[in-house]
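Convention: sequence-line order gives letters A, B, ...; per-chain numbering from 1. Because the structure is a prediction, the values reported are computed rather than measured.
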Amino acid sequence: MNISIKRAMLLFVLLGSLLLLPAIGACGDDDETAQEETAQEEDQTPTDLGKPVKISQTFALTGPYASQHKEIFEAYEDYIKFINDNGGLKDTNGISHPLEMLWVDDKMEVTTELSFFEKAKADGSLIHGSLYSSAYGALLPKAEKEKIPLFCFSSSNMVIDPQRTGYSMFPYYEDVLGAYVDWFLQTWDKPSQPKLAIIALDNAYGKSALGSEILDFIESRGVDVVAKEVVDAVPVDTTANLIKIQNADADFIYAQVIAPTAAVIARDMQKLDIELTIASPAPMGPSALLDMAPEACDGWIGMLWAGFYADDDRGVKFMRDLQTEYRGSPMETDQYALGIASVMTMVEAVRLAMEEVPFDELSPEKVWQFGINRIENFDTEGILPPINLGVEHGYYGQNHVRPVQIQGTQIKWIDDFIKCPDTMAYKEYYQTEGKAIAEELAGE
Amino acid sequence: MDMFIQLLISGVLVGTVYGLIALGFVLVYKSSGILNLAQGELVMLGAYICYTGINVLHLNIALAFLFTFAVSGVMGIVISRVAIRPLVGQPLLSVIMMTIVLSIGLRGIAILAWGAETEGLSIFGHSYYHIAGAVVSEQSIWAFALSVLAVVAFALYFQKTKGGRAMRAVAEDQQAAQSVGIKIINVFDHSWLIAAVVGALGGILLASGSGVSIELSHLGLKVLPVVLIGGLDSIQGAIIGGVIVGIAENMAVGYLDPVVSDWGLVGGGLRNVFPYILALFILVVRPHGLFGQKRIERI
Amino acid sequence: MLTVNGVEVIYSKVILVIKGISFEVPDRQIVCLLGANGAGKTTILKAISGLLKAELGVITDGHINWDNRRIDRMRPEEIVGLGVVQVLEGRRLFRHLTTEDNLKTGAHIRKDHAVKRDIDMVYELFPRLNDLKKRTSGYLSGGEQQMLVIGRALMAKPQLILLDEPSLGLAPMLADEILKKVKMIQTEEGTSFLLVEQNAKATLEIADYGYIMETGRIVFEGSAEQLINNEDIKEFYIGLSELGQRKSYREVKHYRRRKRW
Amino acid sequence: MFNKPAGTFNASYTKDEAIVRTRTQWGLLIILVGILAVVPYYGPLASDYWINFLIYVAITVISVQGLNILTGYCGQISLGQAAFMAVGAYTTAILSSKAGWPFLACLPMAGLMATAVGFIFAIPAVRVKGFYLAITTLAAHFVIIYLIISLEFTGGSIGIYIERPRIGSIIFDSPQSFYMLVIGVTIVMTVFAKNIVRTKVGWAFIAIRDNDLAAKVMGVNPFTYKLLAFSISAFYAGIAGSLLVYHLQFAHPEHYGLTQAIWLLGILIVGGMGSINGAIFGSIFVRLIDEITNIHISPALGNLFPSLAGQMSAALGLLVFTAIVGIFIIYEPRGLSHRWQLLKASYRLWPFSYWT
């Protein structure tokens, strides 16, 4: 009896302490409100610091994309610190407002994602971002209904079309594959029909390279898709897949995978003595691949949207300085560059809206109307080609990729930005009808 | 034909590692009747510990292995004492949930300690050999050889030593084992220690190919079809089941993927699912796996 | 000497199985516990050997002493270490181990190197086991299995063996043989036994002292002769009436319902 | 069975079998339903954020009720519940977006489809027990998710968007109205579950859980009843999946991971197996803790230790789940519902609460 009482007490103490957790969370909130109050007080004194401007973003710091998302997370943090260290954002009255990022690790669970979205909305976030299609897809209907601008970091064409208040400013996976095919065909000089093999990760990201639309597109370019292989995120062995590719006599390979997968594929290719052109889209991360399989990855091509790699553009220098200042030394990872490009654009949308709308009237809808729709030829100074968002611009975001290659122990740009083809046959839909919907939304 | 042999040989090489990991799984099941769904996490942690040994503590490979075994062994004992001992006599669901919960907790600890990043773990050479018409990498030969060595060492331990006999006794009849003075909880500790160590070895061997990451724990789930096929309580079943799954995976990719691809399943991708489907079929025919003992139940 | 003093056992926190019993097993003696099914004989054995804890049974009152040390709070392996070994009911072998390995597990707690010699001693005692050394024990016959579990218990060099229903499911001849061996062990090795049996007649022939249990209580005790000569015992446990005739089951039951100790 | 108020005796079998036994209970029930109806409009929970949370809790309750019948009552461990939810979700998504079926047709169809799929996988599953069963249901999970992600008509890896549910001319467009719909379904499903477990079927389940061989001897065919339990459980999962997909308006295979199945089992343990109340308590308790940890604490912690932000927040949620479920398994395996019983008993027996 005594034991059970003790146990019960222990249980309640433990549960009680768990229930204390919200109190701790609330303490955090208190701090915020306290900050806000002090900020308000400071408002009255002419120190020029207003209430924070909030943007929100989710990351998946657990799960297969964790290492990429961590770099992106760091990029967001650094850039926001940079903005705040340089005086924050000015509103129409010339008062500066610090920038604040609300974020959460969604663990790739859609319910956390949705819950956070609602909380961010309630907390006054002006613009929201998520990193992958399955979460984005669930947020889009809600964002659309309330006209909250929603950024999807990387996505398949199918999820994001037609665009209304959701954006991906990076090219769609299908389009990147299309660009790779076109790019390869430029140097194809043999008389035979070129044969492509596709290796896809066994999840939504990977399998978007195997959709029927993109396969139709590739066929329309006169390329034969001879192998469609599906591999695990962290495979033990890809020999079987590669032998099939070898037997199918492929001429080039496209691997929609992440770095650990690429490392295994690279080693198995070396083992089986396969020497074909192989490329991957941005989530693969060539710098990570170089770390993991330095002896086998020579020649691997990355179709990147943005990145470092010994470029002397101002944007790249800026990122390097940012990393040196906040992280101690430049790490030069390509995911970081993507993160910077993304957060830059989000902040730019907020900044543009703040130029037009008085601070008190700022809302997600206003940011969408006066911010996003006014992003035209937004220059990230070389990180990305100029970005266009919004209704008037023919294209949403930017649709360029730039190939890099691992050469020995170096990663080098091997071509300039290439415009991606529109691989979706039904793309006409949002050029006409979709545009009408967007205009209608904008007109309200 | 060439492809067949290549697939067969790579299947056997990988399958042995699966068998090794499954061994730890079977051992815990036999001695304590607990389905260790955290085996995948033990595999993952083993790889991380070895990574720390090599890249942070700068140990040489032999020392790094010993370091890994020592740390994993201690971890196994701690798990056994903290999480498993209170479960004696609890219902099945509690036991299963405890190991699931344990697996989640271990993943949390790994993330806390190492972050969620992927690291390379290069401990074997990168040369390639042609054996019987197939190309095999040095890494997979090492993996095979070390797995076989570990399995043999373990089998000897299990058959010939006092500790091994105690484990077998507990596996057969816990109360009778207690009645001759065997301390059951010591045997639990023992079996978790071995499970953690063979898991860690499996982790190192797998990670030497695919790198160290949290996702390595998913490879632990591959053990489940292995033990379903081989039988939960059979050590030889674990090894043979491992090899069967290794081969089945490769054959599924090589020969079945194109078929199901034609049926409209995009790209096939049967590698992970096929062992489970195979296991389901085997279960329908033999509910206790190929080598599992049929338990006689009394009301 | 084993002393059980006022022990009460509760299962699963609700079922009172042993309602305060006391008895003792002097050194070098065979003491038997007789009683019907469900009287709590096995439970008291498990309470002594410490195996009760694994079955959600708890000793809630009283104490058990062995050589003036309290053992009721000890763990089973500690009790085995003190020389008290239980042989469980139902020939609980390690069925997939060989005969010899079974005997070796019996010596688990021992640290000395005389194990080999003791194995030979067991073979001497049970010559049949010698021929079956390498056989998987699950394939032995019932009698051989019973010999093996007793042999296995002997390997721990016990001073007291708690023997639970050794003749259960054995042919009468085999049962007698087993009991003879028990007597032999007692006289030759000086091991004392606490013997639980259904077969009262055969048991009382080898026992020195006996206790009768019913529904968790000791209702009668006495030396073996006293018990054999007691009319009631004859009636219920040996199944003979005064006239030496077997009574029908119905009559015994009827009588029993009427008469309570 | 100390769940009757002290001094209340049942004078007839009808009364003994009734779900709600006393007038007080009726009163409390009506008040509870009233509160549930008012919550989205007044009070501290009347925000989109909390309504979203409550909707999700209600959907969880439905799914856990199903799992409770299978695992808590019938004793069959299932790791496949998330996959059966996916079946319900995809049935709804496909019928609604491609065939234009209305809500009232999609919802039961989702349940039935999940039942059918559950039935197929139950055939190998009922032949095995214990650990083999657990892994068999795991296999079912992998196979189902694999099929969803690989087939064309399920939208494969892309997913399917669907419209808000509508009944006749009413569109459940606002969070509040959808909340009402979900709560309504949840109440119906809970009453249904309560009804199942107190009938002959329920007792057969319990007999099988406690000892299926004994049940067989007593004339309960374990095979049939296990199949039935699997089917009922899958039906609940299908309904829950259907509601979830209406809530998200988007079906995607990544939404139905193995983690979800594990969470459902965890909730069952925390709530207390074999208890209808337990499923409700568990869902609220675990989801609340999860919500607070993930959304509120973990970013705050991350901001506190910026250099470890990623690690901290990623690990926290996992460790908290481990802690909660682990503590319950070890210290209170009968879950919250048992605590609730004790509380009720001590209240009723007061001041003579020596019963515990």
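Ring geometry for A:Tyr65 against A:Tyr205 counts as perpendicular: the plane angle is over 60°, on a 0 to 90° scale with 30° as the lower cut. A:Trp103 and A:Phe59 have perpendicular rings, their planes meeting at more than 60° on a 0 to 90° scale where under 30° would count as parallel.
With a threshold of 4.5 angstrom between heavy atoms, B:Ser208 approaches chain A through N, CA, C or O but not through any side-chain atom. For A:Thr238, the part lying near chain B is the backbone, with the side chain staying farther off; criterion is any non-hydrogen pair under 4.5 Å. Interface remark: A:Asn247 contributes side-chain atoms only to the contact with chain B (heavy atom separation under 4.5 Å). The part of B:Ser213 that comes within reach of chain A is its side chain, from C-beta onward, which places non-hydrogen atoms under 4.5 angstrom from that chain. Interface residue A:Leu210: backbone and side-chain heavy atoms are both found under 4.5 Å from chain B. Looking at A:Asn241, the atoms closer than 4.5 Å to chain B (heavy atoms on both sides) sit in the backbone and in the side chain alike. Of the atoms belonging to B:Glu119, it is backbone heavy atoms, and not side-chain ones, that fall under 4.5 Å from chain A. For A:Lys207, the part sitting under 4.5 Å from any heavy atom of chain B is the side chain, from C-beta outward, and nothing else. In this structure, chain A has no heavy atom under 4.5 Å from any part of B:Val17. In this structure, chain A has no heavy atom under 4.5 Å from any part of B:Ile214.
Checking A:Asp273 against B:Tyr128 by side-chain atom types alone, no donor-acceptor pair falls below 3.5 Å. With 3.5 Å as the limit, one finds a donor-acceptor pair spanning the side chains of A:Ser208 and A:Gln256.
Ion pair A:Glu229/B:Arg271 not flagged as a salt bridge, since none of the NZ, NE, NH1 or NH2 atoms sits closer than 4.0 Å to an Asp/Glu carboxylate oxygen.
The side-chain heavy atoms of A:Arg267 and A:Glu295, taken from C-beta on, include a pair separated by under 4.5 Å.
Counting all heavy atoms, side chain and backbone alike, A:Asp249 lies closest to A:Lys195 at O-CD, 3.5 Å. For the pair A:Ile258 and A:Pro283, the tightest heavy-atom approach, listed with the atom from each and the gap, is CG2-O, 4.1 Å.
Among the candidates A:Glu71, A:Gln323, A:Gln68, the single residue satisfying the side chain to side chain donor-acceptor pair (under 3.5 Å) test with A:Thr333 is A:Glu71.
With respect to chain B, the highest number of heavy-atom pairs below 4.5 Å among A:Lys228, A:Met292, A:Lys271 belongs to A:Lys271. Most heavy-atom pairs under 4.5 Å with chain B, from the set A:Thr239, A:Asp237, A:Leu61, A:Asp202: that is A:Asp237. Residue with the most contacts toward chain A among B:Asn272, B:Val136, B:Leu13, B:Val212: B:Asn272 (heavy-atom pairs, distance under 4.5 Å). Looking only at heavy-atom pairs under 4.5 Å with chain A, the residue among B:Leu121, B:Leu206, B:Val14 that has the most is B:Val14.
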